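Note that these values count all heavy atoms, side chains included, but never hydrogens, waters or copies made by symmetry. Note that the structure is predicted; figures quoted are calculated from it, not measured. Residue numbering restarts at 1 for every chain, and letters A, B, ... go by the order of the sequence lines.
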Number of protein chains: 2
Amino acid sequence: MATATEKIYSIGDFAKAVGLTAPTLRYYENEGLIEPHRHANGRRYYEESDVNWVKFLLHLKGTGMSISELKQYVVWRAEGDATIPQRLELLKQVKADFLVQFNEVQHHLQILNDKINWYEEKETGITTDNENFASYLQRFGHHE
Amino acid sequence: MATATEKIYSIGDFAKAVGLTAPTLRYYENEGLIEPHRHANGRRYYEESDVNWVKFLLHLKGTGMSISELKQYVVWRAEGDATIPQRLELLKQVKADFLVQFNEVQHHLQILNDKINWYEEKETGITTDNENFASYLQRFGHHE
DNA sequence: TGTTGACTTAAAGTGCACTTGAAGTTATAT
DNA sequence: ATATAACTTCAAGTGCACTTTAAGTCAACA
């Protein structure tokens with residue numbers, strides 16, 4: 001007894017707490033990612049622990065997991081510790097894919113930076129008059 | 001004279017050279033990103049310089065630029081040096097947005113790594129029997 | 001000479017992750 | 001008491017970046 005004062009959230013308040021919209025939360029619920037409680041009148045309510053759960057899901061989502069991958073993860077989680085190997089394998093694959101993307105994106109940034117520098121030097125008249133971007137990159141030893 | 005042996009590409013060969021499909025190249029052309037030459041019979045052909053141009057566009061795209069932002073960039077580029085300030089401002093904004101995302105995504109990776117480690121320790125029985133993920137993270141001083 | 005494969009256009013279709021709309025119920029504030 | 005704001009469901013719509021289809025033309029090879 002006396003598990004009294006647990007803070008609860010309406011869908012609107014919960015949406016603010018996790019940085020989503022109410023429709024998005026209903027969509028996630030539909031996709032099987034969340035299962036809020038219901039008041040007697042049918043309205044949803046969320047607890048503090050749901051905040052952490054959704055924030056964790058959003059972190060996973062932010063590493064590149066799709067809604068359906070998240071759903072698979074959630075299903076496995078509901079099945080208990082027996083599915084830990086599957087969950088671990090999924091997360092490791094997500095991580096591997098993430099790292100590939102991460103490296104690619106850093107290369108993209110490198111090129112973007114080079115181009116910005118090239119424009120800035122061109123504006124301030126530092127580069128050779130008609131030097132193009134390709135030859136500019138070569139001066140720095142970059143490729144592509 | 002004698003700008004002779006310039007290698008040219010059919011759309012299919014060009015697609016392979018830049019890692020896209022022929023339909024995607026036609027789509028990009030429609031969106032105003034590329035403007036290949038045409039043989040007398042109407043068929044497209046691409047030159048070596050187009051390879052570099054498309055690869056550069058793909059780098060910009062990889063930093064988060066949408067097709068319409070790329071188009072804006074291309075339009076300004078076609079207008080000549082007078083639009084360098086606009087192009088520079090666009091690229092700087094793209095970079096700023098990119099860096100925000102980049103930091104967020106690194107935090108997501110941190111959480112993913114923590115979770116993977118947590119599962120691995122749980123599998124090998126290193127963590128306290130029923131320790132949950134939240135308290136596990138606290139042991140490391142992370143939040144969320 | 002024929003047939004296979006690559007090309008052409010324009011339009012419609014796909015997949016993802018939401019977002020919006022319609023029609024109705026309930027809770028809160030004046 | 002009544003207005004308005006927040007909730008409910010279910011279905012349809014949106015935006016992006018392609019992808020696929022249909023119907024046809026053209027080039028290269030056996």
*Asks:* Should B:N41 be listed as having a side-chain N or O under 4.0 Å from OP1 or OP2 of D:dA27?
*Replies:*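 For D:dA27, OP1 or OP2 has a side-chain N or O of B:N41 closer than 4.0 Å.
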*Asks:* Please check if atom CD in A:E35 has more than 12 non-hydrogen atoms from other residues, nucleotides or ligands closer than 6.0 Å.
*Replies:*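 Open.
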*Asks:* Of the residues in residues 63-78 of chain A, which ones touch DNA chain D at a heavy-atom distance under 4.0 Å?
*Replies:*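 None, since no heavy atom is under 4.0 Å.
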*Asks:* Counting only side-chain nitrogens and oxygens, does B:R43 get under 4.0 Å of the OP1 or OP2 atom of C:dT9?
*Replies:*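 The answer is no; no side-chain N or O of B:R43 sits under 4.0 Å from OP1 or OP2.
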*Asks:* Taking CD in A:E31 as the centre, count heavy atoms belonging to other residues, nucleotides or ligands within less than 6.0 Å. Is the count above 12?
*Replies:*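 For A:E31, atom CD is crowded (more than 12 foreign heavy atoms under 6.0 Å).
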*Asks:* Verify side-chain hydrogen bond (donor to acceptor under 3.5 Å, both in side chains) between B:E48 and B:N52, making sure each step is shown before the conclusion.
*Replies:* CA-CA 7 Å; B:E48 200 58 44; B:N52 297 326; 5.9 Å; no
*Asks:* Rounded to the nearest 0.5 Å, what's the gap from CZ on A:R44 to CD1 on A:I34? Could you check?
*Replies:*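 Rounded to the nearest 0.5 Å, the CZ-CD1 separation comes out at 9.5 Å.
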*Asks:* Tell me the interatomic distance from B:Y9, atom OH, to C:dA6, atom P, rounded to whole angstroms.
*Replies:*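 Going from OH in B:Y9 over to P in C:dA6 covers 18 Å.
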*Asks:* Tell me whether A:R87 is salt-bridged to A:E79, with the criterion being a basic N under 4.0 Å from an acidic carboxylate O.
*Replies:*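 No.
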*Asks:* Can you tell me if the side-chain N/O atoms of B:R44 get under 4.0 Å from OP1 or OP2 in C:dT8?
*Replies:*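 So the side chain of B:R44 is within the cut-off, an N or O lying under 4.0 Å from OP1 or OP2 of C:dT8.
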*Asks:* Does the Lys NZ or Arg CZ of B:K16 fall within the cation-pi geometry relative to B:F14 - under 6.0 Å from the ring centre and within 45° of the axis?
*Replies:*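 No.
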*Asks:* Which whole-number value in Å describes the distance from B:Y45 OH to D:dA27 C1'?
*Replies:*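 Those two atoms, OH and C1', are 18 Å apart.
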*Asks:* Thinking salt bridges, do A:E29 and A:R38 make one under a 4.0 Å N-O criterion?
*Replies:*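 Salt bridge: yes.
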*Asks:* Roughly how many Å is it from OH in A:Y46 to C1' in D:dT8, rounded to a whole number?
*Replies:*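 Value for this atom pair: 12 Å.
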*Asks:* For residues 11-37 of chain A, which residues have at least one heavy atom under 4.0 Å from DNA chain D?
*Replies:*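 Heavy-atom contacts with DNA chain D come from A:I11, A:G12, A:R26.
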*Asks:* Below 4.0 angstrom, N of the basic side chain to O of the carboxylate: do B:K61 and B:E69 qualify?
*Replies:*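 A salt bridge is absent here (no side-chain N lies under 4.0 Å from a carboxylate O).
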